[in-house]
Amino acid sequence: MKLIIAIVQDEDSARLVSKLMDDGFGVTKLATTGGFLRAGNTTLLIGVNEDRFDECLRAIESVCKSRKQITSQPITMGGTTGMYAPYPIEVTVGGATVFVLSVDQFVKF
Ligand code: 2BA
C-alpha cells in the first residue's frame, strides 16, 4: 500500500475529492497553508493499494491545474534605513505537489 500526500489548490480540492470518492478511493482532507505564499491550500491523504496507484495519480493530474499568482515579497530598500518595500512577483502554483510514502502497516479498528 502507498500513502499519497497531495498538496493542491483550494480551487481544485472539491472537484478532486468528489472524483476520488466517486472512483472509490479513501481520502482525508486537511486545510493547510503554503509557506511561501502564506495562503490557504489543501492537503489530501490518500491510502491506495498498489494496483490502483497509477489510476489515483492520473486522477490528481487530470483535475489539478496550474495557475499564476501575484505575490508581494518585501525587499530591503537601499541605505541604512532598514525599510522594506513590497515588490510584486508572479509565481506559477500547482497543479499538485505529490509525495508518495510506502505504508508499513494499515489497520482499522
Ligand atoms: P507555497 O509554499 O505557498 O508556494 C506557492 C508557489 O510559490 C509554489 O508553487 C512555487 O511556484 C512558488 N514558490 C515556492 N517557494 C518559492 C521560492 N522560495 N522562491 C520562488 N517561488 C517559490 P508549487 O511549487 O506548485 O507549490 C504549491 C504548494 O505546495 C506550496 O505552497 C507548498 O504548500 C507545497 N509545497 C511545494 N513544494 C513543497 C515541498 N518541497 N515540501 C512541502 N510542501 C511543498
Side-chain angles (χ1 to χ4, degrees):
M1 187 181 214
K2 300 284 188 191
L3 177 65
I4 297 174
I5 302 173
I7 303 164
V8 305
Q9 293 174 77
D10 289 344
E11 292 89 331
D12 295 323
S13 65
R15 205 157 76 84
L16 181 56
V17 169
S18 296
K19 178 167 177 51
L20 291 170
M21 295 303 297
D22 288 349
D23 292 350
F25 293 103
V27 186
T28 296
K29 179 181 167 189
L30 306 172
T32 46
T33 303
F36 186 68
L37 292 178
R38 312 284 164 94
N41 55 25
T42 298
T43 298
L44 300 181
L45 307 180
I46 311 158
V48 58
N49 286 323
E50 316 264 341
D51 59 337
R52 300 197 67 199
F53 174 73
D54 289 337
E55 182 191 346
C56 187
L57 281 190
R58 281 198 302 275
I60 296 169
E61 188 181 13
S62 71
V63 171
C64 297
K65 307 297 174 205
S66 66
R67 296 180 182 86
K68 292 195 185 306
Q69 258 178 259
I70 304 289
T71 181
S72 292
Q73 292 295 310
I75 56 162
T76 315
M77 293 174 76
T80 55
T81 60
M83 290 174 65
Y84 287 83
Y87 177 74
I89 59 166
E90 185 181 80
V91 293
T92 302
V93 186
T97 300
V98 178
F99 300 89
V100 179
L101 285 69
S102 292
V103 175
D104 284 343
Q105 203 178 358
F106 172 61
V107 184
K108 279 186 178 178
F109 295 107

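When a ligand or atom number is given, it counts from 1 through the structure's own listing order. These figures come from a predicted structure and were not determined experimentally.
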**Request:** Could you tell me whether the side chain of Glu90 and the main chain of Gln69 form a donor-acceptor pair under 3.5 Å?
**Result:** no
Give every donor-acceptor pair under 3.5 Å between a side-chain atom in residues 17-29 and any protein atom, sequence neighbours left out.
unit_1	atom_1	unit_2	atom_2	d
Ser18	OG	Ala14	O	3.0
Lys19	NZ	Asp23	OD2	3.2

**Message:** I'd like the contact residues of ligand 1, where contact means a heavy atom below 4.0 Å.
**Reply:** Ile7, Gly34, Gly35, Phe36, Leu37, Asn41, Val91, Thr92, Val93, Gly94, Thr97, Phe99
**Item:** Closest contact, heavy atoms only, Leu16 versus Ala59
**Value:** CD1-O, 3.9 Å
Without placing hydrogens or testing angles, list every side-chain donor-acceptor pair under 3.5 Å for residues 91-109, not counting sequence neighbours.
unit_1	atom_1	unit_2	atom_2	d
Thr92	OG1	Lys68	NZ	3.2
Ser102	OG	Lys2	NZ	3.1

**Request:** Grab the two heavy atoms, one from Leu3 and one from Gly47, that are nearest each other, plus how far apart they are.
**Result:** CD1-N, 4.1 Å
**Within residues 34-47 or reaching into it, pairs that qualify as side-chain hydrogen bond (donor to acceptor under 3.5 Å, both in side chains) - sequence neighbours excluded** = Asp10-Thr42, Thr32-Asn41, Thr32-Thr43
